[in-house]
**Student:** 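Have a look at this one before I ask anything.
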Amino acid sequence: MRKLTPFRIGLSLMIIGSIWVALTFSTAENISQVLNIGTKESASIDLDLKNKGLGFYKITIPNYSKETILVKVLDPQGSIMDLKRIRTKMSVNYFEFSYTGKYTLEITNLSENPMQIKAEFGNTKSTEFIFPSFIALIGACLIVWSGYKRLRDYSTAHPEENKS
């Protein structure tokens with residue numbers, strides 16, 4: 001049987017914390033759609049978000065060629081929470097929401113050409129990352145400590161100097 005070392009314990013804690021964060025993020029509320037938007041037209045995506053937290057939207061334009069789109073996030077009352085002009089192939093933005101309800105991501109094509117846009121809209125569940133991130137941090141500290149301890153105890157042989 002192998003001996004449990006601080007390095008192995010730290011590595012295990014980092015792996016557990018990382019997997020936990022990935023699973024938490026993957027189970028969050030989110031939706032992804034491919035939208036075909038004509039010239040000067042709009043499309044929207046609705047999503048029910050619960051409680052309060054940090055939401056996100058990711059916009060990807062596969063055939064990007066200097067087009068501009070306007071993205072709005074609307075709360076359940078129709079108020080604008082976030083407004084961005086996007087002029088890049090991919091953009092990820094975040095917004096804070098403070099109550100449960102149906103939030104809307106509205107995308108408007110401002111260019112002269114129809115476009116295909118891939119939009120992802122959801123909740124990051126960032127408040128649920130605290131405990132698994134702390135576990136991963138403890139693991140990283142154990143790895144660094146075991147590396148320091150090993151280097152401190154490492155001795156090198158120095159050849160005798162030639163005296164001529």
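The residues of the chain are indexed from 1 along the displayed sequence.
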**Student:** Which heavy atom of Ser32 sits nearest to which heavy atom of Lys118, and what is that distance?
**Tutor:**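 That closest heavy-atom pairing would be OG-CE, 3.6 Å.
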
**Student:** Can you get from Ile15 to Ile138 by hopping between Ile, Leu, Val, Met, Phe, Trp and Tyr side chains that sit under 4.5 Å apart?
**Tutor:**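 Each belongs to a different hydrophobic cluster.
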
**Student:** Determine, stepwise, if the pair Asn93 / Ser91 fulfils side-chain contact (heavy atoms from CB on, under 4.5 Å).
**Tutor:** CA-CA 7 Å; Asn93 293 292; Ser91 176; 2.9 Å; yes

**Student:** As an exercise, state the distance from CG of Leu47 to CZ of Phe121, rounded to the nearest 0.5 Å.
**Tutor:**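 Here the interatomic distance stands at 5.5 Å.
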
**Student:** Mark yes when over 12 heavy atoms from residues, nucleotides or ligands other than Glu96 sit less than 6.0 Å from its CD; otherwise mark no.
**Tutor:**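 No, because the 6.0 Å sphere around CD of Glu96 holds 12 heavy atoms or fewer from other groups.
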
**Student:** Report yes if the side chains of Thr88 and Ile86 come closer than 4.5 Å at any heavy-atom pair, otherwise no.
**Tutor:**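 In short, these two side chains touch, coming nearer than 4.5 Å.
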
**Student:** Got a donor-acceptor contact below 3.5 angstrom from the Thr100 side chain to the Asn51 backbone?
**Tutor:**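 Indeed, once roles are kept as given, a pair shorter than 3.5 Å links the two residues.
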
**Student:** For Pro6 versus Leu142, what's the shortest heavy-atom pair and its separation?
**Tutor:**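 The pair with the smallest heavy-atom distance is O-CB, 3.7 Å.
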
**Student:** Name all pairs fulfilling the ring pair (Phe, Tyr, Trp, His ring centres under 6.0 Å) condition that reach into residues 20-74, sequence neighbours left out, sorted by first residue then second.
**Tutor:**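 Sorted pair list: Trp20-Phe131, Phe25-Phe56.
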
**Student:** Consider only side-chain heavy atoms of I, L, V, M, F, W and Y, link residues closer than 4.5 Å, and tell whether Met14 and Ile9 are in one cluster.
**Tutor:**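 Hydrophobic grouping puts Met14 apart from Ile9.
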
**Student:** Measure the spacing between CG of Asn30 and CG of Leu49 and express it to the nearest 0.5 Å.
**Tutor:**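 Separation between the atoms: 10.0 Å.
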
**Student:** Using the side-chain contact (heavy atoms from CB on, under 4.5 Å) rule, take Leu74 and Tyr103 through it: C-alpha gap first, then chi angles, then the decisive distance, then the call.
**Tutor:** CA-CA 6 Å; Leu74 306 169; Tyr103 290 79; over 6 Å; no

**Student:** Return yes if a side-chain donor-acceptor contact under 3.5 Å exists between Ser65 and Glu67, otherwise no.
**Tutor:**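 Side-chain D/A pair, Ser65 to Glu67: present.
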
**Student:** Is any side-chain heavy atom of Leu105 closer than 4.5 Å to one of Ser44?
**Tutor:**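 Of all side-chain heavy-atom pairs linking Leu105 with Ser44, none is under 4.5 Å.
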
**Student:** Would you say Asn109's side chain and Gly38's backbone share a donor-acceptor pair under 3.5 angstrom?
**Tutor:**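 Yes: the side chain of Asn109 pairs with the backbone of Gly38.
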
**Student:** I'd like to know if the side chain of Thr39 reaches the main chain of Glu112, judged simply by a donor and an acceptor atom lying under 3.5 Å from each other, with no hydrogens or angles considered.
**Tutor:**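 Checking the backbone N and O of Glu112 against the side chain of Thr39, a donor-acceptor pair under 3.5 Å is found.
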
**Student:** Between CZ of Arg8 and CG of Leu13, what distance do you get to the nearest 0.5 Å?
**Tutor:**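 Rounded to the nearest 0.5 Å, the CZ-CG separation comes to 14.5 Å.
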
**Student:** Return the minimal non-hydrogen interatomic distance between Gly17 and Ala136, and the atom names on each side.
**Tutor:**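 What the structure gives for the nearest pair is CA-CB, 4.3 Å.
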
**Student:** State, yes or no, whether a side-chain contact exists between Phe7 and Lys149 at a heavy-atom distance under 4.5 Å.
**Tutor:**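 Side chain of Phe7 against side chain of Lys149, heavy atoms only: no contact under 4.5 Å found.
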
**Student:** Is Phe97 reachable from Tyr99 through a run of hydrophobic residues whose side-chain heavy atoms are each under 4.5 Å from the next?
**Tutor:**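 Yes; Phe97 is reachable from Tyr99 via cluster members.
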
**Student:** So, does Thr124 use its side chain to make a donor-acceptor pair with the main chain of Leu54 at under 3.5 Å?
**Tutor:**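 Judged by distance alone, yes, a pair lies under 3.5 Å.
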
**Student:** Out of curiosity, Trp145 CH2 to Arg152 CZ, how far, rounded to the nearest 0.5 Å?
**Tutor:**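 Reported to 0.5 Å precision, the distance equals 8.5 Å.
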
**Student:** Quick one: pull up CD in Gln116 and CD1 in Ile61 and give me the separation to the nearest 0.5 Å.
**Tutor:**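 So the CD of Gln116 and the CD1 of Ile61 are separated by 11.0 Å.
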
**Student:** Would you give the length of the straight line joining atom NZ of Lys50 to atom NZ of Lys125, rounded to the nearest 0.5 angstrom?
**Tutor:**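 That separation rounds to 9.5 Å.
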
**Student:** Under a 4.5 Å cut-off applied to non-hydrogen side-chain atoms, are Asp82 and Ile80 in contact?
**Tutor:**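 They are not in contact (no side-chain heavy atoms under 4.5 Å apart), so the answer is no.
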
**Student:** If you take all heavy atoms of Lys52 and Ser98, which pair is closest and at what distance?
**Tutor:**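 That would be CB-CA, 3.5 Å.
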
**Student:** For the pair Thr60 (side chain) and Pro62 (backbone), establish whether a donor and an acceptor sit closer than 3.5 Å, ignoring hydrogens and angles.
**Tutor:**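 Side chain of Thr60 to backbone of Pro62: no pair is present.
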
**Student:** Go through Leu11 and Ile143 one step at a time and tell me if the side-chain contact (heavy atoms from CB on, under 4.5 Å) criterion holds.
**Tutor:** CA-CA 7 Å; Leu11 186 61; Ile143 289 172; 4.3 Å; yes

**Student:** State which residue, out of Ile107, Ile69, Ile37, fulfils the side-chain contact (heavy atoms from CB on, under 4.5 Å) condition with Met115.
**Tutor:**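 Going through the options one by one, the only one that passes is Ile69.
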
**Student:** Would you say Lys58's side chain and Met90's backbone share a donor-acceptor pair under 3.5 angstrom?
**Tutor:**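 Looks like no, no N/O pair under 3.5 Å.
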
**Student:** Search all heavy atoms of Ser133 against all heavy atoms of Val21 and return the closest pair with its distance.
**Tutor:**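 In terms of heavy atoms, the two residues are closest at OG-CG2, 4.1 Å.
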
**Student:** One pair to check against side-chain contact (heavy atoms from CB on, under 4.5 Å): Thr68 and Ser111. What are the steps and the verdict?
**Tutor:** CA-CA 6 Å; Thr68 301; Ser111 71; 5.9 Å; no

**Student:** Return the minimal non-hydrogen interatomic distance between Ile45 and Ala119, and the atom names on each side.
**Tutor:**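 Smallest heavy-atom distance, with atoms named: CD1-CB, 3.7 Å.
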
**Student:** Tell me if a side-chain donor or acceptor on Arg85 pairs with a main-chain N or O of Val71 at a distance below 3.5 Å.
**Tutor:**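 Between the backbone of Val71 and the side chain of Arg85 there is no qualifying donor-acceptor contact (under 3.5 Å).
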
